[in-house]
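Let me begin by presenting the structure, written as structure tokens, before commenting on it.
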Number of protein chains: 2
Amino acid sequence: MALRSITTQRRRLADEVYDQLVNAIMSREIGPDDRLVQEKLAAELDISRTPVREALLRLEKEGVLHLANSGGFRLAKISEEETLELYQARAAIEGQAARILAARNDPAEMKQLRATIRENEKLSNPSTQDYFAANRSIHRAFMEMAGNRFLLEMFDMIWGRAMAFHLFAAIENTDIAKSLGNHMALVDALETGDRATALEVFTAHIQDGFELHLDGIRRTP
Amino acid sequence: MALRSITTQRRRLADEVYDQLVNAIMSREIGPDDRLVQEKLAAELDISRTPVREALLRLEKEGVLHLANSGGFRLAKISEEETLELYQARAAIEGQAARILAARNDPAEMKQLRATIRENEKLSNPSTQDYFAANRSIHRAFMEMAGNRFLLEMFDMIWGRAMAFHLFAAIENTDIAKSLGNHMALVDALETGDRATALEVFTAHIQDGFELHLDGIRRTP
DNA sequence: TTTCGGTATACTGTATACAGTATTCAGAGC
DNA sequence: GCTCTGAATACTGTATACAGTATACCGAAA
């Protein structure tokens, strides 16, 4: 028989709500001053409170929202200290992926990475969000290539959180082109085949990102 | 005024259920053949299905459980491939902590780490679970000392999952003492003050753990 | 005007009720 | 005995109802 089993993939309403909330946060429709109230969201989405609640609790567990003691969920704030920690975590995850890729040093993989970078750097007059998305795509390509599902999961967690914290808002004033231009050098580092070199180059790249970020914050009033 | 604000800390029933489930999994009361059904658990705990459901969904999101298509949640299984990936992720996280600690190279911190190790290695006739717990405590001490909340969070995620997968079941047959004995050398590596050295030593330590683990699996029928 | 007290309001957390779907099992037909 | 069909069962997912608690508001007393 040639028929494939239908993977029902029972998508829950809660997942849908979660996605919508994430999108709304990313597109700044939900800001730091908004209060997310279960009943109101449920009414707006025309569903019951139960799945809404599940989505909100999940975002709370992920550190994106927190429950205001006056009721309602709000966006979590991030301190400069925590921002540093987030970048350190990034360095850990992406640095390890770099070590894995360098150890393999597969020419086909390297070629594909370069193609992905070229594709994503083709931005004419990019907005901050475009920049953020392109940068994320490029870095995620490295992670996918490394092929470790746990590292990839953590990568998504970190970037998701960065997004939720509106971290990119601070980059408004930085030199976007400068920050986006150095990705080919990362592949160069992988192609040395030396894990330590790859790690150092990736770590430095992320460190640069952090410093650009801090500059952005400090230039913003 | 010297009074502290009372942080109500509204603990939810769902959190309580979550903890109980995690404990039950760790102590092997819940095995791979058990089916966790919302109604039954709720009845057993004498609460409604709602918080039970929340806890189960959270464990599902964490990859500990999965929804069997015949209904009911079961423990997720892990392949040898995934086990490798889990150890790679560990190396990323703990390796980065090592880099941070080595860069600081604070004598007070090093002293405290050694004390923690000594404390945890004092095991007379340890069971596999004792070993697992001690090992985890020691490694977690390094993470706490590094002081990065995201890295710590990921550490807990990884070890939580390892626990859920009953990963330590495979170590039943391995030489426990051999595996527990090398932690002081980790502190030695930190005290070189060299981040690359620290990283390599930690990574190698974790790699050793992985190989011991594989040996264990392969010797188990 | 400020402070106190109490009631109304708003919101979450928990319980229960309802609907839909996949699985199981018993019985009819062969 | 074996296969097919359909009803019963056992679940989850979603909606709604209920309870408790914290905040806001408003009016009275100092």
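Chain identifiers are assigned alphabetically (A, B, ...) following the order of the sequence lines, protein sequences preceding nucleic acid strands; residue numbering begins at 1 within each chain.
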Phosphate contact (C:dA15 OP1 or OP2) by B:Ser48 side-chain N/O below 4.0 Å:
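Yes.
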
Quick check on D:dT12: is either OP1 or OP2 less than 4.0 Å from any side-chain nitrogen or oxygen of A:Arg12?
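No, because none of the side-chain N or O atoms of A:Arg12 sits under 4.0 Å from OP1 or OP2 of D:dT12.
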
Measure from the side-chain N and O atoms of B:Asp34 to the backbone N and O of B:Gly31, and report whether any donor-acceptor pair falls under 3.5 Å.
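Checking the backbone N and O of B:Gly31 against the side chain of B:Asp34, a donor-acceptor pair under 3.5 Å is found.
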
Donor-acceptor pair, distance only, cut-off 3.5 Å: does the side chain of A:Glu94 make one with the backbone of A:Phe202?
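Flag not set: sc A:Glu94 to bb A:Phe202 has no pair under 3.5 Å.
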
When you measure from the side chain of [X], which nucleotide among [options] comes out closest?
X       : options                : answer
A:Phe73 : C:dA15, C:dT12, D:dG13 : C:dT12
A:Arg53 : C:dG13, C:dC11, C:dT16 : C:dG13
B:Lys40 : D:dC11, C:dT14, D:dG13 : D:dC11

How many Å lie between [atom1] on [X] and [atom2] on [N], as a whole number?
X       : N      : atom1 : atom2 : answer
B:Asp15 : C:dT12 : CG    : P     : 16 Å
A:Asp46 : D:dT16 : CG    : P     : 10 Å
B:Glu54 : D:dG13 : CD    : C1'   : 14 Å
A:Leu67 : C:dA10 : CG    : P     : 18 Å
A:Arg35 : C:dC11 : CZ    : P     : 5 Å
B:His66 : D:dT12 : NE2   : P     : 13 Å

If you assign B:Gly72 and A:Arg49 each to the DNA chain D nucleotide with the nearest heavy atom, which residue ends up on the more 5' nucleotide?
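Looking at the nearest nucleotide for each, B:Gly72 comes out on the 5' side.
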
DNA chain D: 5'-proximal contact among A:Leu13 and B:Gly71 (nearest heavy atom):
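This one resolves to B:Gly71.
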
Could you check whether A:Gln38 gets within reach of a base, just the sugar-phosphate, or nothing at all, counting any heavy atom under 4.0 Å?
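If one applies the 4.0 Å heavy-atom cut-off, A:Gln38 turns out to touch the sugar-phosphate alone, with no base involved.
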
Once rounded to the nearest 0.5 Å, what's the spacing between atom CG of B:Asp15 and atom NZ of A:Lys61?
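Between atom CG of B:Asp15 and atom NZ of A:Lys61 there are 5.0 Å.
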
Enter the distance from A:Arg118:CZ to A:Leu113:CG here, rounded to the nearest 0.5 Å.
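Atom-to-atom, A:Arg118:CZ and A:Leu113:CG are 11.0 Å apart.
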
Any chance the side chains of A:Ser27 and A:Glu29 put a donor and an acceptor closer than 3.5 Å?
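On atom types as modelled, these side chains qualify, holding a pair under 3.5 Å.
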
